[in-house]
Number of protein chains: 2
Amino acid sequence: MTTGERRPRDGRATRDLILTAAARRFAQRSYEATGLRDIACDVGVDVALVHRAYGSKEKLFVEALAHAVRPASAVEMFSTESGADLARRAFEDDPERETVVDPLALMVHSIASPGALPLIRRIVASEFIGPLAERLEAPGAAKATLIAACLFGIRIFRDVLEVEAMNDDARPDLEPLIADVFSTILFGRPDRSRSSDPTNECPAA
Amino acid sequence: MTTGERRPRDGRATRDLILTAAARRFAQRSYEATGLRDIACDVGVDVALVHRAYGSKEKLFVEALAHAVRPASAVEMFSTESGADLARRAFEDDPERETVVDPLALMVHSIASPGALPLIRRIVASEFIGPLAERLEAPGAAKATLIAACLFGIRIFRDVLEVEAMNDDARPDLEPLIADVFSTILFGRPDRSRSSDPTNECPAA
DNA sequence: GATACAAGTCAACGACGGTTGACCAGGAAC
DNA sequence: GTTCCTGGTCAACCGTCGTTGACTTGTATC
């Protein structure tokens, strides 16, 4: 999309634009499927600049991945300890995040890339499992990992695969079930705040 | 790996070899990251043959995906209705399946590919969710979808991402939790066959 | 204003990937 | 034996991609 006239010289801003565009592209497709020329076209800049701004395609990818996922840190995502709140998280995005890039899609689409796996593994451990495990009673690590894994699977089904049985129409059926799942992991029993089938409920005391 | 001497002429067998090798390659990396020359090398055949045997790379990919996932049909995987059995499935592979290709890894690594998404969506619906939903009481579709999604997330964490908090050492902590999750989805309450904390258990009658 | 450096463009290189067409060999049908 | 089809090889084409180096232009400093 180089239109002929030169763009204003602002190295810092251009670098940021490149990083954002790269993250978006890598999130839409995979590492191998996105070309530097695509990113350059998005920013409106020459390919050579994209390359030189971050040294290599791989370095750009690593920085984009780290940058896009970290601000979405699960610390806030997991600041709740209610199964119902976690279930809501399965359907809604973080409101207070600039949602230019879906970090989950970026992670999923990056799994096939050679160098990305260790990075993703580290991010999952430090940003998702770690913070949650600290505030859960034993076995905290297992609970946190399981919550993250289930949330991951649900979001992939919903947002990446777009499984039709998981669209918004199914939400009334699904959200209570999901709340029960997380509540079971957290507290060892389904969500008490609702009663789908009273005969299955434990007596209050 | 063309060694000079010609290979015995058996079109049917060679086609099968190509398909298997393709599925394995696509499962290890992504669609874009694997080349026809890699597959040809595995089989010990010329690139042109690989191409012509299935018309194009994309057609080969589609056939490999469909072939690798369908035999692993979840009909048997979901022939159980016990949360504990499903939890075991989260850790163990189908014993009665020739485990040349991990269909899950193939699906995950194919998500980024342009043409693969509708196919994967269809496979998930017809092979995983559909069969299970039939034998569950309402809301069967929601329950089946949620089970598939959680199983998907758990297996990705374990086998693809290889999250360390999910390796075999963690199995004693994890498996009961997972059993509770599936039991909660299936029956609305945690697994009755164990008692982690008796005070949380429902009375038998 | 001269200078120096950063920001950006341009054109090309080398490698690789999917695809194609010409060619060769085995084997069955006639 | 000839013919013909299929399985298979070989070599090349063409596009794309990451990368590089030379060049240009804006901007800040002295």
Side-chain angles (χ1 to χ4, degrees), chain A residues 1-23 25-26 28-65 109-110 112-116, chain B residues 1-23 25-26 28-65 109-110 112-116:
Chain A
M1 204 166 288
T2 316
T3 55
E5 74 273 13
R6 297 194 163 236
R7 71 187 342 263
R9 297 167 57 94
D10 188 346
R12 173 74 183 148
T14 328
R15 262 181 67 96
D16 286 350
L17 285 178
I18 291 174
L19 196 66
T20 305
R25 283 282 184 178
F26 287 137
Q28 286 168 352
R29 311 263 269 138
S30 68
Y31 173 80
E32 284 88 3
T34 65
L36 293 188
R37 283 170 178 84
D38 301 328
I39 301 168
C41 179
D42 288 346
V43 182
V45 103
D46 192 86
V47 204
L49 184 59
V50 173
H51 179 264
R52 274 207 344 209
Y54 288 89
S56 75
K57 185 188 180 184
E58 179 146 359
K59 288 177 186 169
L60 170 60
F61 172 69
V62 169
E63 290 220 33
L65 184 57
H109 289 160
S110 306
S113 305
Chain B
M1 202 166 286
T2 316
T3 56
E5 73 274 13
R6 297 193 163 237
R7 71 188 342 261
R9 295 166 57 93
D10 188 346
R12 173 75 184 147
T14 326
R15 263 182 67 97
D16 286 351
L17 285 178
I18 290 174
L19 197 65
T20 306
R25 283 283 184 176
F26 287 136
Q28 286 168 353
R29 309 265 287 187
S30 68
Y31 173 80
E32 284 87 3
T34 67
L36 293 189
R37 283 170 177 82
D38 300 329
I39 301 169
C41 179
D42 289 345
V43 183
V45 103
D46 192 86
V47 205
L49 184 59
V50 174
H51 179 264
R52 272 207 346 209
Y54 289 90
S56 75
K57 185 189 180 184
E58 179 146 0
K59 288 177 185 169
L60 170 60
F61 171 69
V62 169
E63 291 221 32
L65 183 57
H109 288 161
S110 306
S113 305

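Letters A, B, ... are given to chains in the order of the sequence lines, protein chains preceding strands, and every chain is numbered from 1.
Atom CZ in A:R15 sits about 14 Å away from atom P in C:dA6, given to the nearest Å. The distance from atom CD1 of A:I18 to atom P of D:dG18 is 14 Å, rounded to the nearest whole Å. The distance from atom CG of B:L36 to atom P of C:dT19 is 6 Å, rounded to the nearest whole Å. Following rounding to the nearest Å, A:R29 (CZ) and D:dT16 (C1') show an atom-to-atom distance of 14 Å. Whole-Å rounding puts the A:D46 CG to C:dA11 P distance at 10 Å. In this structure, CZ of B:R37 is placed 14 Å from C1' of D:dT9, rounded to the nearest angstrom. B:F61 places its CZ atom 13 Å from the P atom of C:dG18, with the value rounded to the nearest Å. Here the C1' atom of nucleotide D:dC17 and the CZ atom of A:R25 are 15 Å apart, to the nearest Å.
Panel note: side chain A:R15, backbone A:A53; a donor-acceptor pair is recorded below 3.5 Å. Of the possible donor and acceptor atoms, none in the side chain of B:K57 sits under 3.5 Å from a partner among the backbone N and O of B:G35. Without hydrogens or angle criteria, A:Y54 side chain to A:F61 main chain gives no donor-acceptor distance under 3.5 Å.
Each of D:dG8, C:dT9, C:dA12 was ranked by its minimum atom distance to the side chain of A:R52; first place goes to C:dT9. Side-chain proximity of A:L49 to the nucleotides C:dG8, C:dG18, D:dT19 is greatest for C:dG8. The side chain of B:A48 lies closest to D:dC10 when the candidates are D:dC10, D:dC17, C:dG8. Checked against D:dT19, D:dT20, D:dG8, the side chain of A:K57 finds its nearest nucleotide in D:dT19.
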Practice item. Check step by step if side-chain contact (heavy atoms from CB on, under 4.5 Å) holds for B:T14 and B:L49. Key: CA-CA 9 Å; B:T14 326; B:L49 184 59; 4.2 Å; yes
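A:H51 has no side-chain polar atom (N or O) that falls below the 4.0 Å cut-off from OP1 or OP2 of D:dG18. Put simply, A:T14 has a side-chain N or O that comes within less than 4.0 Å of OP1 or OP2 on C:dG8.
Between the CD atom of B:E32 and the NE2 atom of B:H109 there is a distance of 12.5 Å, given to the nearest 0.5 Å.
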